[in-house]
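Shown next, in structure tokens, is the structure this report addresses.
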There are 2 protein chains.
Amino acid sequence: MTGPHTDKRQAILDTALDLFCERGFHGTPTSMITREAGVATGTLFHYFRTKEALIETLYLDIKGEMREALYAHIETKDPIRAQIQRICANYIRWGAENPRKFQFMEQFCNAPQISAHAHEEGMAQFTFVHDIVRRGIDEGVLKPHPLGLQFAMFGASTAAVVRLILSRAGREAIDPLMDEAFDLIWDGIAAPAADQ
Amino acid sequence: MTGPHTDKRQAILDTALDLFCERGFHGTPTSMITREAGVATGTLFHYFRTKEALIETLYLDIKGEMREALYAHIETKDPIRAQIQRICANYIRWGAENPRKFQFMEQFCNAPQISAHAHEEGMAQFTFVHDIVRRGIDEGVLKPHPLGLQFAMFGASTAAVVRLILSRAGREAIDPLMDEAFDLIWDGIAAPAADQ
DNA sequence: ATCATAATAGACCGATTAGTCAATCTACCC
DNA sequence: GGGTAGATTGACTAATCGGTCTATTATGAT
């Protein structure tokens with residue numbers, strides 16, 4: 001799987017991730033990507049038809065990786081609270097361990113440079129979170145507010161915690177902050193009598 | 001205040017706001033801005049020294065405007081809960097009524113194209129929110145979590161509500177959603193006994 | 001009427017861009 | 001060793017970019 005083939009392609013993707021984060025899409029010339037990656041300009045366009053195709057591949061790769069991370073150790077049989085806590089912890093840990101990829105998603109998850117089709121495909125990966133929230137509402141564990149509202153607040157709050165952790169960059173352990181954050185989030189979305 | 005002077009300068013700012021939102025900073029040529037605004041290239045560089053100066057002016061203008069909106073009808077003597085509800089409502093209404101400006105702030109509030117100095121100056125406008133949250137924690141009305149965590153969650157949740165409203169673009173009244181959203185946010189950050 | 005200053009215009013310039021292309025290199029099969 | 005398909009290269013191009021410059025017009029004070 002790691003031949004001279006995969007190496008250069010991956011070097012281009014890795015370099016592009018860094019540069020797009022730091023300088024934006026149009027702010028990063030393809031010539032800069034290839035120079036930093038140590039390949040020729042032609043090599044980039046051998047693997048990716050256009051610059052847009054490159055960022056779209058990057059976007060879908062990372063979104064898939066993120067989905068895998070969020071989904072880890074989720075047991076459908078567990079109570080809703082435990083499942084949501086798991087997702088929350090998975091998200092925060094993934095973000096803290098992959099700051100570049102987290103930053104990339106924040107910057108480009110609504111960017112016009114990425115086709116609407118890719119945005120849809122990326123979103124579709126997270127229906128399992130939607131389903132869990134819906135079940136929580138149906139079972140009366142979560143407040144009966146609109147699903148979209150609950151989902152949006154849950155996602156936004158968790159992302160905010162990651163941002164906060166990254167801005168303090170390793171100056172404190174993340175585990176206690178993670179638990180405190182879940183308490184805040186849970187109290188917001190859970191029905192009064194149901195939080196254990 | 002509205003001479004032929006202010007007109008063209010404002011036309012450039014208005015057009016730049018739209019185009020930067022739709023296409024990003026580097027994705028928007030100055031020539032496109034001037035064409036859409038109906039002025040000559042020279043006129044843009046008469047009012048703004050560089051393209052960066054243009055976006056920085058836009059950024060600080062909007063951030064100031066936003067601060068004014070958030071601060072409206074805040075009475076220091078009111079209870080903390082009422083003040084936070086007011087800010088929350090002000091924010092959501094401003095975002096719903098100024099979708100372009102809201103989108104611009106989301107996209108560029110951490111963008112590298114805007115100087116660190118301008119970012120600082122922009123942030124400094126919102127210390128009054130910080131102060132209210134701190135007072136809430138001191139008085140025991142809000143949970144004793146770290147100020148940064150409380151502040152981040154409050155801001156992120158409110159922004160998420162605006163995003164939700166904008167994505168549904170006028171298909172429902174915003175007032176009920178606004179109240180529901182505040183309930184969620186408040187239950188998350190408030191101390192158990194203190195939500196009234 | 002005169003003059004100074006600011007507003008406006010758009011042709012123009014050097015630098016930079018995304019993407020091409022013909023040529024070479026590498027790896028592997030027979 | 002001969003052949004083939006894919007990987008790799010970097011000089012090259014047509015187009016576009018941010019910004020300059022000079023010229024012209026509008027405004028207003030005296």
Can you tell me which nucleotide in [options] comes closest to the side chain of [X]?
X        : options                   : answer
His46(A) : dA7(C), dA9(C), dA7(D)    : dA7(D)
Phe45(A) : dG19(C), dA9(C), dT9(D)   : dG19(C)
Pro29(B) : dG18(D), dT17(C), dT20(D) : dG18(D)

Does [X] make a side-chain N or O approach to OP1 or OP2 of [N] shorter than 4.0 Å?
X        : N       : result
Lys51(A) : dT17(C) : no
Thr30(B) : dG18(D) : yes
Tyr47(A) : dG6(D)  : no

If I take atom [atom1] in residue [X] and atom [atom2] in nucleotide [N], what distance separates them, rounded to the nearest angstrom?
X        : N       : atom1 : atom2 : value
Leu44(A) : dG10(D) : CG    : C1'   : 14 Å
Ile12(B) : dA9(C)  : CD1   : C1'   : 12 Å
Leu54(B) : dC17(D) : CG    : C1'   : 15 Å
Gln10(A) : dT8(D)  : CD    : P     : 13 Å
Arg35(A) : dT17(C) : CZ    : P     : 9 Å
His26(B) : dT16(D) : NE2   : C1'   : 15 Å

| Beyond-backbone contact of Glu56(A) with Ser115(A), side-chain heavy atoms, under 4.5 angstrom | yes

| query | Given side chains that start at C-beta, do those of Ile132(B) and Arg135(B) come closer than 4.5 Å, heavy atoms only? | reply | no

| remark: On DNA chain C, more 5' by nearest nucleotide between Ala40(B) and Thr28(A) is Ala40(B)

| said: Tell me the closest heavy-atom pair linking His26(B) and Lys51(B), and the distance in Å. | reply: CA-NZ, 3.9 Å

| request: Verify, without hydrogens or angle tests, whether His130(A) (side chain) and Leu147(A) (backbone) share a donor-acceptor contact under 3.5 angstrom. | output: no

| query | Where the side chain of Glu180(A) meets the backbone of His145(B), is there a donor-acceptor pair that is under 3.5 Å apart? | reply | no

| What is the nucleic acid contact for Thr34(A), judged by heavy atoms within less than 4.0 Å: base, sugar-phosphate only, or nothing? |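 Counting heavy atoms under 4.0 Å across all strands, no contact is made by Thr34(A).
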
| Quiz item: Thr41(B) side-chain donor-acceptor pair to dA11(C) base, under 3.5 Å |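 Yes.
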
